[in-house]
Amino acid sequence: MKRQSKHPRTFAELWDVKRFPGRRGFRTRISETMEMALLADGVEPAKLYPLDIERGFKSLDRIKPHVTNWIAQTPQTITLIQNNEVDFTYAYSGRVLAARRSGVSIDFSFDQTINPMEYLAVPKGSRNKDAAMRFLDFTLRPDRQAHFAETLAYVPAKSAALNLVSAESKKYLPDLTNPNNAILNDEWWADRLVELEKRFMEWQLV
Amino acid sequence: MIFLAPGLIFMVALFLAPLMIVFYTSLTGDTGFTAAHYLELVSRPLYGRVMTTTLEISVVATLLTLLIGYPVAYHLAMQNPRRRAVLIVFVLLPFWTSILVKSFAFTALLGTNGIVNAFLRDALGVGGLKLLFNRPGVVIGMTHYLLPFTILTLLTSLVTQDPVYRRAAEIMGAGPWRIFRTVTFPLSAPGVVAGALLCLILSRGMFVTPALLGGRGDIMVSNLVDFHVRQTLDWGVASALSVVLIVLTAVFILLLARVRGGQALGGPI
C-alpha cells in the first residue's frame with residue numbers, strides 16, 4: 001500500500017484536512033486530545049493551562065468529520081496505520097519506534113509533541129517501603145534512565161541522563177526545550193478528568 | 001436436597017454475594033445511601049443513547065440470526081440422525097471457538113485490506129466496503145456468535161415435532177410449501193420465540209464484539225460499564241448500569257421460561 005508522501009508535522013497541520021487529506025485516528029481519552037485540539041487551534045504550548053475547554057471542543061468539532069476511528073486501545077494507534085484503516089494517528093514515540101524496528105512502514109513527527117508524565121509511587125503503609133525506595137533510587141540512576149530511554153524511546157526523567165543517550169536514540173526522543181512541545185499538566189486534570197471524560201464520550205456519540 | 005448444596009454454595013458465594021455488592025454499590029455514594037447514580041443514568045443523554053444502540057444492535061442481530069439459522073436448522077432436522085450428527089459438528093465448531101479469537105479473525109476478514117475487501121477488489125474490481133469499526137461489523141460478528149445457539153434451539157423444536165402431522169397434511173394433498181407454512185412452521189413457533197429471546201439475552205451483555213468490531217457509535221451497555229470501571233473509576237454508575245442490565249435481562253429470561261413451558265405460545269392444537 002502506497003503511503004502518502006505529504007504528512008502533517010504539527011497539530012495545526014493535522015487539523016488541516018485540505019493540505020493533508022486522509023483518515024485520522026484519535027484517542028478516546030480527553031486528556032491529550034484536548035491539548036491537541038487547543039494546540040491545533042493556535043494556543044501557545046507554554047500558555048495551554050488552564051485549558052480553554054469550550055475552545056477545545058469547538059476545535060474538535062471541526063476535525064470530527066475526518067476522524068474515522070476513535071481509538072480506545074493504545075496498540076491500535078499503530079495497528080490501524082499498519083492495516084491501512086487510517087492515514088494519521090496520535091501515537092506514542094516508543095510504540096512507533098518498536099513498530100519501525102519490526103519493519104512496519106510508519107513514522108513519527110517530533111516537530112510538535114505532547115508529553116505526559118509517568119509516575120512511580122509507593123503505597124502508604126507499604127510493608128516493603130525500604131525496598132521500594134531503593135528501587136526508586138535505582139530507576140533514577142542516570143545510567144538506568146539512559147538505558148530506559150534507549151530501549152523504550154521515552155525521555156528520561158533526569159536531564160543528566162540525556163548526555164548518556166546515544167545520538168541515534170536521541171532522534172527518537174522529543175526535545176523538551178523546543179517551545180513547540182507541550183507538557184501535560186496532570187494536576188490540572190486531577191479533579192476535572194471524570195466529568196470531561198463523560199462529556200467527551202457524549203460528544204463522540206452524538 | 002443435599003446434592004444441591006455444592007452448587008448452591010458455589011452460586012451464593014461467587015455469584016449472588018458479588019451481585020449484592022454491585023447492587024449495594026449502585027445505591028451508595030460518599031455520603032451514604034443515594035439514588036444519584038440512577039439519576040445520572042436518566043439525566044445524561046449518554047446512557048439513553050447507548051441503551052438504544054444496544055437494543056438496536058440486539059434486535060437486528062437477532063432477526064438476522066433467525067433468518068439465517070432457521071433454514072439451517074430445518075435442513076438439519078430433515079436429515080437422518082446419523083447424517084445430522086455429522087453436520088451438527090459444523091454448527092458446533094464456531095460454538096467451541098472463543099469469541100475473542102472469532103472477533104480478531106473478523107478484523108482480518110473485514111478490514112480495508114482484509115480478505116473480503118481484497119477479494120472484491122481483485123476479483124470483481126469493486127471499491128472498498130466499510131465493514132469494520134462500524135455497525136455492519138458489529139452485526140456480522142454478533143450474528144456469527146449467536147447462530148449456533150439459535151440453530152440448536154430451533155433444531156430441538158423441529159426434531160421433537162411429531163412427523164404424524166406432516167404426514168397427515170401430505171395425505172390430505174398438501175404440497176411441501178403448504179406443509180411448511182401451515183404445519184411445520186407454526187409448530188416450531190415456540191422454538192423461534194425461544195431462539196429469539198435467547199439471542200436478545202446473549203446480545204444484551206455483549207462486550208468483546210462491539211469493542212473490537214464496532215466504532216465509537218456502536219458501543220453497548222457493557223462497554224459503558226467498562227468505561228466507568230476503568231476510565232472514570234465511577235463504580236457507582238458502573239454498578240447502576242449493571243443492575244439495569246440485569247433487570248432487563250431477567251425480564252427476557254422470565255419470558256423465555258414461559259415460552260419453554262409452552263404456556264405463552266403454541267396454545268392448544
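The chains referred to below are lettered A, B, ... by the order of the sequence lines, with proteins before strands, and numbering in each begins at 1.
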### Query
Most heavy-atom pairs under 4.5 angstrom with chain B, which of A:Arg29, A:Gln76, A:Glu85, A:Glu195?
A:Glu85

#### Entry: Choice from A:Thr28, A:Leu193, A:Ile71, A:Thr68 maximising heavy atom contacts with chain B below 4.5 Å
A:Thr28

Should we count [atom1] of [X] as having more than 12 external heavy atoms under 6.0 Å?
X        : atom1 : result
B:Trp235 : CH2   : no
B:Asp30  : CG    : no
A:Lys129 : NZ    : no
A:His66  : NE2   : yes
A:Tyr90  : OH    : yes

### Query
Going by atom types alone, do A:Glu197 and B:Thr232 pair a side-chain donor with an acceptor below 3.5 Å?
no

### Message
Can you see whether B:Asn113 engages A:Asn83 through a side-chain donor-acceptor pair at a distance of less than 3.5 angstrom?
### Response
no

### A:Leu80 versus chain B, the contacting section by heavy-atom distance below 4.5 Å
side chain

### Task
Show your reasoning for whether salt bridge (charged side-chain N to carboxylate O under 4.0 Å, His left out) applies to A:Lys198 and B:Glu40.
CA-CA 11 Å; A:Lys198 285 183 186 173; B:Glu40 174 164 337; 2.8 Å; yes

### Heavy-atom pair count under 4.5 Å with chain A, highest-scoring of B:Gly215, B:Gly114, B:Pro45
B:Pro45

### Query
Heavy-atom distance under 4.5 Å between the side chains of A:Met201 and B:Arg44, does that happen here?
no

### Query
Of the backbone (N, CA, C, O) and the side chain (C-beta and beyond), which part of B:Leu233 lies under 4.5 Å from a heavy atom of chain A, both, or neither?
neither

### Query
Quick one: does B:Arg216's side chain have a donor or acceptor within less than 3.5 Å of a partner on A:Asn69's backbone?
no

